[in-house]
Each structure stands twice: as structure tokens, then as C-alpha cells.
There are 2 protein chains.
Amino acid sequence: MSTIFIPKHIHPTYSNTVFNDCLLFHDMTPHELDRLENYAEQSKCEEGEYLFRQDTPADFVYNVISGSVAIERIFTNGRRQIIGFLFPGDFIGLTHSPNYDCAVRCLTKVEFYKFSRKRLNTLSEEVGHLKQNMEQIKSAIFSRVMEQLYVLGQKKALERLCFLFMQLLERLPGARADRVELYMSRQDMADYLGLTIETVSRCLAKLKSDGLVAFPKLNHLQILNLPAVSELAEC
Amino acid sequence: MSTIFIPKHIHPTYSNTVFNDCLLFHDMTPHELDRLENYAEQSKCEEGEYLFRQDTPADFVYNVISGSVAIERIFTNGRRQIIGFLFPGDFIGLTHSPNYDCAVRCLTKVEFYKFSRKRLNTLSEEVGHLKQNMEQIKSAIFSRVMEQLYVLGQKKALERLCFLFMQLLERLPGARADRVELYMSRQDMADYLGLTIETVSRCLAKLKSDGLVAFPKLNHLQILNLPAVSELAEC
DNA sequence: CGTTACGTTGATGATATTCAAGGACTGTGG
DNA sequence: CCACAGTCCTTGAATATCATCAACGTAACG
């Protein structure tokens, strides 16, 4: 049954081919999906655990079914840079190098499909659609990283936070302006945006006091003034 | 004659497979190189000209023979982020998207090979080595961008400049600690490192007064205290 | 010799970091 | 149910860092 391979999280309501990576399955015939299915193994991981660590063999490719993860890089001096957050539908580990160059930490309990990278590559040689789609996903990832480069290089703390909010709103399946779940800690936001945790906290307070956002709960964001937040986030 | 395809700039003295992208030609047989040769066209471009602009059709892949270029992205607000600098041996335009997502400006007069991307892709389907090499180059590029992310996110102005210096020293063919040619303007450095031109200028003055570097000419850098500069640049 | 583009330097203010203290939430054991 | 510890978050004050605005040098070129 190839339908197993169109998981709920890529249902049209969620499917945003620009921001989520579900398009691995795009345009594939039922037969092709069947073959892909044989390569997958479903599994899960608890909050705080690592799917994999930096510099370990890059043997698998993951597709998030539910939950959120952070992609992080640790440097020799011990400082950490978070490269991005991934959500249901996103792919992880589509690297070409023999080892992962990032670690992947679960922000929540995470369910995922796990593919042998070797076999996926073999299959992609035979199934044109798959290959195309993998390339496009890599393209999208690269494009996101370049956007982040700009944000870190040019934007102020308040704007960076708004950028994160807009990104979450666009990429989190089921997120709406009045309900965006922040699965990451303040420290995670700081490490993603190149700020300190105190600056993040202060900026959240400022955005709140200016009436742009609200926090009914600590990690439950409401965007009250979407045009303003979007304006600040603008690239 | 396939030897045309082992241009001078990838002669062993220069060839650094980690930092330069010459490895497109790695492990290829003379016959394969012959075929590649048929796909190439040699050309040049003057200082200040653009090889191509952002959002134009990505029809070609370029390989720099001599000179330096800057990869830049312009955003809606008019601000510019330089993604990187490329030098002899480096490849440009290895994107998968239909349009270039960056512009490429020549910092000097630039000689290059120009390949039809379509034909290069076709060839890479048949020539395993070529395909492998292209993937590895993309990997290296991605890895550089992630390093830059870290620099912009976590490092101070002085450290960013040292990072640039070390990068130039490693990637510029023929560069030595006592002779690194800075082909870019102060503004280019600023846009690369996420700083203003004034901050760049002040930091250069500080590094100079601290005896870490010298500038016999405005764009001719000497690294006097390599361990110290390297230490500051450290990731 | 003047113009122009690019680079430097100074004074000032904005922005973010650091260090330190105090709250808020969670889970555990009494 | 409460007390307690531990973790995460917030807030304040002092400081460091960088950006901005403005003036001044300098090198290249007609």
C-alpha cells in the first residue's frame, strides 16, 4: 500500500511545497511510492535525545512525521550555532559528505521515517522523480540557510525574532497567527538568531508591551499584529 | 587534447581539494575529460561586471581560471549580503533551481570556463566521477556557508576579520602569510562579515597597531602574527 | 590641479552583552 | 498538600561593542 507513504502531515492543508520538504513524494507514481516504502523504517525519539551527532557516519535520511527538531553545530570553543528547526514533513540528513556535519536534537518527542541513505541514492538513480525532488529539497534548504545568513548579518534583535516567528508560522503545520507553538527554549532561539538569552527575553517583552504579540502561555505565541511583525521580519 | 582541461590553476601547487573546488576534475579519465572539454567555452569578464544577476535563468556553470568574484544577494530593502568570494579553481552556479539565487560580480578581470548546465547535468549522468565530484563541491560550498553562519552569529568584529584573512590565506591560490592580496573593497568585506565599512576600517587599524598584520599597500595584507590571527579566527 | 571614489578617524548614540539577582514553573519527597 | 530544589526565564545596572553621522585623508585619473 503506497498510501502509507503519503502521511497525514503532507495532507493538502499542511502541504506547502515552498517551505516544507514534503515534495520528496511529489509526482511519484503509486508504484514508485511502493518501492520507496520498502526502504523506510518508522521509529521515534524522545525529547532531548539526539537523532544523530555531528561527525558520525551519515548513513540515514530522516523524514519527520510528528514533532520538532533542532539542527545544531558545536564548535571547538564549545559554542553552539543552531542552523535551523525542522518540522513534520521535513527531511534531515540529505548531505553528500560521509559524515553528518550537524547534530539533530529532538525538541519534542519525534516520530519519523528512516531511510538508508545508500539505498535511497540507489533508488533515486532509477526513479527520476525522486532524484528531482531530492535536489529540490536540497535547494530549498540551501536557500533557507542563505536567508538566515542575511538575518544574522544585517538585522537587529527585534527583527530577528520576528523573522523566527514568521518562519514558524509558515513552516509549522497547523500554525495560525493566533496560535504558534514555540517548541524550542529561549536559549535555542538565542543560538539560532545569534543573540544571548537575555536579549531574546527582553525583545519578547518589548514585542509584548508594544502589543505585537502575546504569550497566553510561555511557549504559546499569538501574533496580534501580523502586518507589523511581518514588516519587521522582512527580507 | 584533454590536457586543456587541467588548467594551470589546478596544478599541484594550488590544488587544495578541501578549500578549492578543483576537484570537479578529480579521478576523471582522459577520455572523460575530453568529453567535458567539448562542453566548455572559455571567456572573460572585466572588473565590476556581473557574470550573472540574481533571479535570471541559471543556464550556465562557471569555473574560474583567474581572478576573483563576489557572490552577492540583494534584498528587497536594498541591503546586500555577500555570501562568499571565489577564486581560481572554484565553481559557480552549481544550483538546482531554475534561476540563480545570487548575483556574481567580478572583483578583478576574470577568466573562466563556461559550461551549459543542462549538458553538464546530462554528462554527469553518464560519467560517474563527474557526478560524484559535483556533489562533493556542493557539499563543500554548503559547509562554507554554515561556517559563515557561525561567524556572523557568534563572533565579534575583530574575529570576523581574522576569519576572512584566514579564509583568504587558505583559499587564494598562491597566497602566503606575508602576502595576501585583498581583491575586495572595504565595503565588500563589510557586506560579507555583516559589519559597516567604518567598523572594518577601525578593526583593520586595531589589528595593525597591535602588530598582528601590516598593509604595505592598501590591498596587500601581511599577516605578521599568524598564530594570533588564527586564534582569533578559530571556529 | 581639481574631481571623484574610496578609505580613515572622531564624536556620539543605539544596541546588545555581561554579571547579578530575583521570579516562575516543575517535579520530588516528606 | 506543602516545602524544596532545580531549571528556565525575566529584569536591572553597568559595560562593551558596533552603527551612525560628519569631517578629513588619500590615491587615481582626467
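For the residue pair B:Q167 and B:Y192, a side-chain donor N or O sits within less than 3.5 Å of a side-chain acceptor on the partner. A:T108 and A:E47 share no donor-acceptor pair across their side chains, judged by distance under 3.5 Å alone.
Paired with B:I92 under the rule side chain to side chain contact (heavy atoms under 4.5 Å, CB included), one option of B:I141, B:V110, B:V104, B:N63 passes, and it is B:V104.
In the set D:dT20, D:dC9, C:dT8, the nucleotide with an atom closest to the side chain of A:L218 is D:dC9. Closest to the side chain of A:E198, from the set C:dA16, D:dA19, D:dT11, is D:dT11. The listed nucleotides are D:dT11, D:dT10, C:dT8; the one nearest the side chain of A:I197 is D:dT10. In the set C:dT17, C:dA16, D:dA19, the nucleotide with an atom closest to the side chain of B:L195 is D:dA19.
When rounded to the nearest whole Å, the span between NZ of B:K217 and P of C:dC6 equals 19 Å. Put simply, CZ on A:R79 is 12 Å from C1' on C:dT18, counting in whole angstrom units. Going from atom NZ of B:K206 over to atom P of C:dG10 covers 14 Å, rounded to whole Å. Regarding B:L161, its CG atom lies at a distance of 11 Å from the P atom of C:dT8, rounded to whole Å. Rounded to an integer number of Å, the gap from B:D188 CG to C:dG7 P is 8 Å. The CZ-P distance, from A:R202 to C:dC19, rounds to 13 Å in whole Å. Straight-line distance from the NZ atom of B:K155 to the C1' atom of C:dA16: 17 Å, rounded to whole Å. Atom-to-atom, CZ of A:R186 to P of C:dC25 comes out at 12 Å; the value is rounded to the nearest Å.
Annotation: of the two residues near DNA chain D, A:K156 and A:S185, the 5′-most nearest-nucleotide partner is A:S185.
Between A:L158 atom CG and A:F163 atom CZ the span is 15.0 Å, to the nearest 0.5 Å.
Checking the phosphate oxygens (OP1, OP2) of C:dT17, a side-chain nitrogen or oxygen of A:T199 falls inside 4.0 Å. Look at A:T196 and you'll find a side-chain N or O under 4.0 angstrom from OP1 or OP2 of C:dT17.
The neighbour count for B:E49 CD, taken as heavy atoms of other residues, nucleotides or ligands under 6.0 Å away, is above 12.
With hydrogens and angles ignored, no donor-acceptor pair closer than 3.5 Å exists between the side chain of B:R160 and the base of D:dT17.
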